[in-house]
Amino acid sequence: LNCVVSMLVTAFYNMADTFFVGMLKSNAATGAVGVVFSLMAIIQAIGFFFGQGSGNFISREIGHKNYQEASEMASTGFFSALATGVLICVLGLLFLEPLAYLLGSTDTILPYTKAYLSVILLGAPWMTSSLVLNNQMRFQGNAVYAMVGIIVGAVLNIGLDPLLIFVFDMGISGAAWATLLSQICSFLVLLVMDSRGTNIRIRFKNFTLKPAYLKEIVFGGSPSLCRQGLASLSTI
């Protein structure tokens with residue numbers, strides 16, 4: 001159930017944004033939200049790549065009672081995903097217009113696409129690292145904690161969308177900021193949940209780029225990355 005919910009969360013974000021932006025009665029704004037959805041799905045795929053790749057290893061090591069190795073992998077997967085999200089954010093903002101066209105934007109909807117996309121890119125680090133926490137907790141047998149953290153963001157986004165779009169009159173940018181704030185909130189909740197129960201704690205001192213750990217992440221996470229990433233590329 002948690003896995004299904006996690007995969008649906010990005011769709012819920014986009015569905016809520018599309019619904020409320022559609023109430024602006026602007027086809028261009030609605031089109032911009034649809035264009036950016038494929039990028040959000042790719043960012044989600046990267047989060048699953050690091051989350052499932054590290055989570056598989058963590059699950060096995062906990063079973064063998066190798067808690068130090070499990071802790072190192074948990075931190076490595078988390079901070080690697082966070083760094084990748086930052087890289088996506090920086091490169092995306094530097095090449096914002098070419099990226100918008102690459103995603104399928106037309107000249108007509110380009111201003112709306114850029115306004116929405118520029119804020120969504122700021123959420124890349126939070127989204128990738130949140131999905132790592134979600135998957136790692138699930139592989140440790142704490143699926144309830146993981147599901148609560150990921151659902152909080154989706155529910156909050158539904159509430160923030162009309163507030164920022166209509167009450168604060170921010171238009172399509174309001175939808176993007178609602179998504180960003182919801183993702184940050186979801187990240188913080190997941191971080192708190194990760195510190196509870198028997199979950200392995202994330203600590204920077206345990207972060208290590210051992211080739212063996214990176215190999216485990218690649219082998220364990222590639223199926224998920226290919227499955228969802230290729231589907232997103234075909235949508236583009």
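Residues take their numbers from the sequence shown, with the count starting at 1.
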Are any side-chain N or O atoms of [X] and backbone N or O atoms of [Y], one a donor and one an acceptor, separated by less than 3.5 Å?
| X | Y | result |
| --- | --- | --- |
| Asn142 | Arg138 | no |
| Asn14 | Val33 | yes |
| Ser80 | Gly77 | no |
| Ser224 | Gly221 | no |
| Asn199 | Arg196 | yes |
| Asn135 | Gly55 | no |
| Thr113 | Ala32 | no |
| Thr76 | Thr208 | yes |
| Thr30 | Ser26 | yes |
| Ser129 | Phe78 | no |

To the nearest 0.5 Å, how far apart are [atom1] in [X] and [atom2] in [Y]?
| X | Y | atom1 | atom2 | value |
| --- | --- | --- | --- | --- |
| Ser186 | Ile150 | OG | CD1 | 4.0 Å |
| Ser54 | Glu61 | OG | CD | 12.5 Å |
| Ile184 | Leu122 | CD1 | CG | 8.5 Å |
| Ile200 | Ser195 | CD1 | OG | 13.5 Å |
| Leu82 | Phe204 | CG | CZ | 10.0 Å |
| Ser222 | Gln52 | OG | CD | 11.0 Å |

Where do [X] and [Y] come nearest, in terms of heavy atoms and distance?
| X | Y | value |
| --- | --- | --- |
| Ser38 | Leu103 | OG-CD2, 3.8 Å |
| Val152 | Cys185 | CG1-SG, 4.0 Å |
| Ala100 | Leu110 | CB-CD1, 3.7 Å |
| Ser75 | Asn206 | OG-CB, 3.5 Å |
| Ala16 | Ile158 | CB-CG1, 4.1 Å |
| Ile172 | Ala115 | CG2-CB, 4.3 Å |

Got [X] and [Y] here, is their nearest side-chain heavy-atom distance under 4.5 Å?
| X | Y | value |
| --- | --- | --- |
| Val218 | Phe49 | yes |
| Asp161 | Phe19 | no |
| Leu233 | Ile236 | yes |
| Ile202 | Leu133 | yes |
| Ile42 | Ser232 | yes |
| Tyr67 | Lys65 | yes |
| Arg227 | Phe48 | no |
| Ile109 | Thr106 | yes |

Is the number of heavy atoms from other residues, nucleotides or ligands under 6.0 Å of [X] [atom1] greater than 12?
| X | atom1 | answer |
| --- | --- | --- |
| Phe95 | CZ | no |
| Arg201 | CZ | yes |
| Tyr101 | OH | yes |

Tell me whether [Y] is reachable from [X] by hopping between hydrophobic residues (I, L, V, M, F, W, Y) whose side-chain heavy atoms are closer than 4.5 Å.
| X | Y | answer |
| --- | --- | --- |
| Val90 | Leu99 | no |
| Trp177 | Leu93 | yes |
| Phe219 | Phe57 | yes |
| Leu87 | Ile217 | no |
| Phe207 | Met73 | yes |

Exercise for review: List in chain and number order the residues that pass side-chain hydrogen bond (donor to acceptor under 3.5 Å, both in side chains) with Lys215, two or more places apart in sequence or in another chain; answer none if no residue qualifies.
Suggested key: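 Lys215 satisfies side-chain hydrogen bond (donor to acceptor under 3.5 Å, both in side chains) with no other residue.
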Exercise for review: Test side chain to side chain contact (heavy atoms under 4.5 Å, CB included) on Leu121 and Leu96 and set out the steps.
Suggested key: CA-CA 9 Å; Leu121 283 167; Leu96 186 63; 3.9 Å; yes
Check your understanding: Less than 4.0 Å between a side-chain N and a carboxylate O, is that true for Glu216 and Arg60?
Key ->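 Yes.
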Exercise for review: Any chance you could lay out the side chain to side chain contact (heavy atoms under 4.5 Å, CB included) test for Leu160 and Leu163, step after step, and finish with the verdict?
Suggested key: CA-CA 5 Å; Leu160 286 177; Leu163 178 67; 4.2 Å; yes
Exercise for review: Go through the steps for Phe166 and Met23 under the test side chain to side chain contact (heavy atoms under 4.5 Å, CB included), then give the verdict.
Suggested key: CA-CA 10 Å; Phe166 303 114; Met23 295 175 68; 3.7 Å; yes
Exercise for review: Output every pair passing ring pair (Phe, Tyr, Trp, His ring centres under 6.0 Å) with a member in residues 120-165, not counting sequence neighbours, ordered by first then second residue.
Suggested key: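 Counting only pairs at least two positions apart or across chains, the ring pair (Phe, Tyr, Trp, His ring centres under 6.0 Å) contacts touching residues 120-165 are Trp126-Phe187.
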Review point. So, Glu72 versus Tyr213: side-chain donor-acceptor pair below 3.5 Å or not?
Key: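 Yes.
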Review point. In terms of side-chain heavy atoms, does Gln136 have a donor or acceptor partner in Gln140 at a distance below 3.5 Å?
Key: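 There is no such pair (donor and acceptor under 3.5 Å, judged by atom type) between the side chains of Gln136 and Gln140.
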Review point. Residues in side chain to side chain contact (heavy atoms under 4.5 Å, CB included) with Thr179, at least two apart?
Key: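 Once residues adjacent in sequence are excluded, the partners of Thr179 under the side chain to side chain contact (heavy atoms under 4.5 Å, CB included) criterion are Tyr13, Asp17, Met40, Tyr116, Ile120, Asn157, Gln183.
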